[in-house]
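All values reported here derive from a predicted model rather than from experimental measurement.
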Amino acid sequence: MAAAATLVLDAERRIIGWSPAAEELFGYRSDEALGRDVGVLLGDGMRLVGGEESQQTHGVRCASRRDGEVVRVGVTLTPMASSAQGPAWLLAAAKTPQLSQWATGQALLTGLTAQTPVMIAVYDPQARVAWFNAAVEKHFGWTVDEISGRYIRDLLPQGEVIDEDGQPVSPLEKIIEQVLRTGTPVADVSYRSSTRIDPHHEHIWSCSYFRMQDPDGKILGVCETTVDVTDRYVMRRRLAMLSRAGGTIGQSLDILRTASDLADLVIPEFAHAVTVDLAAPVLAGGEPGKRSGTAAFDLRRVAERAHGDGRAGTTLPRRVEYPPDSLQARCLSQGRPVARDHVLAVPMRARGAVLGLVMFERSPSEDPFGNDELEVADELVSRTAVCVDNGRRYAREHDAALTLQRALFPLSIAQPPAVAIAHRYLPAPGQIGVGGDWYDVIPLSGARVGLVVGDVVGHGIHAAATMGRIRTTVAALAALDLSPDELLARLDDLVVAQSLGDEKDQAVATTCLYAVYDQISGRCAVARAGHLPPIVVTPDGRADIVDVPAGPPLGLGGLPFECFEFDLAEGSLLALFTDGLVEAYDQDIDVGLRGLRDALSASARTLEETCDRAVSAVVPVSSRDDAALLLAHVHRLSDSRVAGWDVLDDPANVARCRALAMEKVAAWDLEETAFVVELVVSELVTNALRYGGAPVRLRLIVDQALGLICEVSDGSHTSPHLRRVGYEEEGGRGLFLVAQLTERWGTRYGPSGKTIWCAVPFDGPKSL
């Protein structure tokens, strides 16, 4: 299409400018047209153009060419300046066969210039303001004459291009210069600024840019289109905030952290300041209760934030009170949000009870809270209330589980003469809390000690209860003097039987390790049910993992457990532990085992120091499980404390055994035990020869904890038992007398028979 003819008219509508396109369209040379009235030259149809109007007009007119031909042209008349001598009108005319389309285009141009709400601005090749439409003037309060030739940074010094998170990224001139340089359009740039008309509120503008150039490729500038998207931006940010709330609030069951997460989320985007108050019973895990009056609310401030000040550092929690006629009191009593000017109080409700309230505040320069924002605040507080209520119930269950665990956990660990004991238990960090790890030290007959460590699957009150049940069962089975593999087999049978009636029994898949150390022989027997093997540190500091055969976890049933025996040198260290000590989700267990070996093998002054160093050195930061460590520093019993004799199968040897026992009692300076020991030896040896059979052996052991232990072994596996004896019966009273005269007694079994033992107490320690 040919270029439009351009004419410049003065105030009298005389032609003072005539373009080559005008000469081509109308046939007049410039010297023939200049100075003449446009209506006289081109006909009466052109005389009416513009009239007395002072704004841009357009239309379709008939014009007379120099050759007499009448042509229909589309005309646009734009006022330029009010001067009697200078240019007053700019007239553009074009001949087109599609007049309706042309008219539509002209109407569109007029609309974009004067009627559209879309702001349009033109920047020159130096990125300076060259022109803008009426919408810019309406929103910003500028005129073209006022700001033409100025940079946007001078007009809006506080304005900034922002990213999706509202953070500044670059000056606006950088975008304009980029489009000028590359010619690549840029769409939907978010720009934040206030305006001259509304200086106290920031607006968000969506700006798009494209480069303008003539047909010859000369760059004319950049065109900018802008739309006010403040409401849309705010709503999008509110929805994004609600979305972030789902991933931020409630990540912890800690009530204080949950309240703090809410405060951090809304500052400064939603409010200038926020406070979170909770009923005091909620913090302790109790029920908030139903209250009709605000005076009954015993509130604690648990979180507070204010944009730009240090309120977050105030000591919390602290008690707060509100007057009966206050906004907060109305919110609590009515159980619904209450707004007043720039303050919004929202109750924190869960399961029909009010847990507390949240106060949102805005500065006077900000907009008050609207209905849409009230709904957003209510949604945020509702989500927080659910998480706080979960944390409250968790705190209550955690306290109950902790109380139960403390009741079921050994109040004190036995310290038998055979070993020196040190132990540590570390609950799982954070919200995981109470677990099912446990350990125990069980004194056994014959100067032996049982060492046990176990790990119940899961956490909480059920894990603690299961731990107590398993621990009690192990202690009861250990009292039967069972070998480690036999003890685990019976324990497994009990767990299987229990799980048949309870598919969720947490004892299933529980791991356990049981070890028996004999202080006289220095021998240790170990069996494990799915548990990590122990570590032995020799007196010279070498640490090794004991290669104990791996048995299945408890509750699987039908699989055997193997007992592994090995010798422990005097002064060796035996370490039993749970996997929480050495295992984490981001760390291979071999790394933890190596670290534990190194920590145990390093020299230390005391066993307690070794225990502390091992725990601090190896417990992973990322551990999500509780951990237990039991250290046993073993000692051999001096030969001077033990005496033993083989007994021949002859009743006459009973008197000899009594005599040998009395000699030892005298040598050990234990004459106070002589009468009981003589009677016990006589009864037990007689019964062994009469009912047990070879081999028969008598052994005496001085045990500082139990007393003087008398043991008689025989080749029978028949268990003796107390029975009622009639007045006229001559026998059957021996075991009854033994039970009456001694502190403790019992029976244990071995591969070659059984051993009946009893403990005769004596006064005070003996140095032998």
Between [Y] and [X], does any NZ, NE, NH1 or NH2 come within less than 4.0 Å of an OD or OE carboxylate oxygen?
X      : Y      : value
Glu173 : Arg128 : no
Glu304 : Arg318 : yes
Arg383 : Glu379 : yes
Arg351 : Asp389 : yes

> What residues, two or more places apart in sequence or in another chain, satisfy ring-ring contact (aromatic ring centres under 6.0 Å, His included) together with Phe369?
Replying inline: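 If we apply the ring-ring contact (aromatic ring centres under 6.0 Å, His included) test to Phe369, skipping adjacent residues, the hits are Phe270.
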[X] side chain to [Y] backbone, donor-acceptor under 3.5 Å:
X      : Y      : result
Arg349 : Gly335 : yes
Glu373 : Gly370 : yes
Ser333 : Ala329 : yes
Ser206 : Val229 : no
Thr182 : Gln178 : yes
Arg362 : His342 : no

>> Under 6.0 Å from the ring centre and within 45 degrees of the ring axis: does the NZ or CZ of Arg153 meet both conditions for the six-membered ring of Tyr151?
In response: yes
>> Taking atom CG as the centre, does Asn371 end up with more than 12 heavy-atom neighbours from other residues, nucleotides or ligands that are less than 6.0 angstrom away?
In response: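 Counting neighbours around CG of Asn371, 12 or fewer heavy atoms of other residues, nucleotides or ligands fall under 6.0 Å, so no.
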>> Can you tell me if Asp231 has over 12 outside heavy atoms packed within less than 6.0 Å of its CG?
In response: no
>> Ring centroids only, cut at 6.0 angstrom: are Phe140 and Trp205 within range, meaning strictly under it?
In response: yes
>> Set out, in order, the CA-CA distance, both residues' side-chain angles and the distance that settles salt bridge (charged side-chain N to carboxylate O under 4.0 Å, His left out) for Glu137 and Arg196, then state yes or no.
In response: CA-CA 10 Å; Glu137 183 174 347; Arg196 176 190 292 179; over 6 Å; no
> Between Val118 and Asn133, which heavy-atom pair has the shortest distance, and what is it?
Replying inline: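 Where Val118 meets Asn133 most closely, the heavy atoms are O-ND2, 2.9 Å.
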> Between His307 and His272, what is the ring plane arrangement, given parallel below 30°, perpendicular above 60°, and tilted in between?
Replying inline: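 Perpendicular: the ring planes of His307 and His272 meet at over 60°.
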>> Run the salt bridge (Lys or Arg N to Asp or Glu O under 4.0 Å) test against Arg319 and tell me which residues pass, sequence neighbours left out.
In response: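 Scan of Arg319 (salt bridge (Lys or Arg N to Asp or Glu O under 4.0 Å), adjacent residues dropped) gives Asp298, Glu321.
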